[in-house]
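In this text, all values refer to a predicted model and were calculated from it rather than measured experimentally.
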Amino acid sequence: MPPRKRAAASVPRIPHADSCADPSRIERFPVLDSDGADRTVTRCLACGAQTVK
């Protein structure tokens, strides 16, 4: 199996709430989908907005 390509370091565009004062507090973690596919969850710790890719 070939090695995975590393993600480029950038601030992801996630739907921050209007009241989010600090959009720089972002965490990412890998999860498995119900069919076993790899997904990545990106979440803002300040407002709770998240995306799954």
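- Rounding to the nearest 0.5 angstrom, the gap separating the CZ atom in Arg39 from the OG1 atom in Thr51 is 12.0 Å.
- Distance check, rounded to the nearest 0.5 Å: CZ of Arg28 to NZ of Lys53 gives 8.5 Å.
- Residues Leu32 and Val41 are members of separate hydrophobic clusters, defined by side-chain heavy-atom contacts under 4.5 angstrom among Ile, Leu, Val, Met, Phe, Trp and Tyr.
- A heavy-atom distance below 4.5 Å is found between the side chains of Thr42 and Ile26.
- Put simply, CZ on Arg43 and CZ on Arg25 are 12.0 Å apart, with the number rounded to the nearest 0.5 Å.
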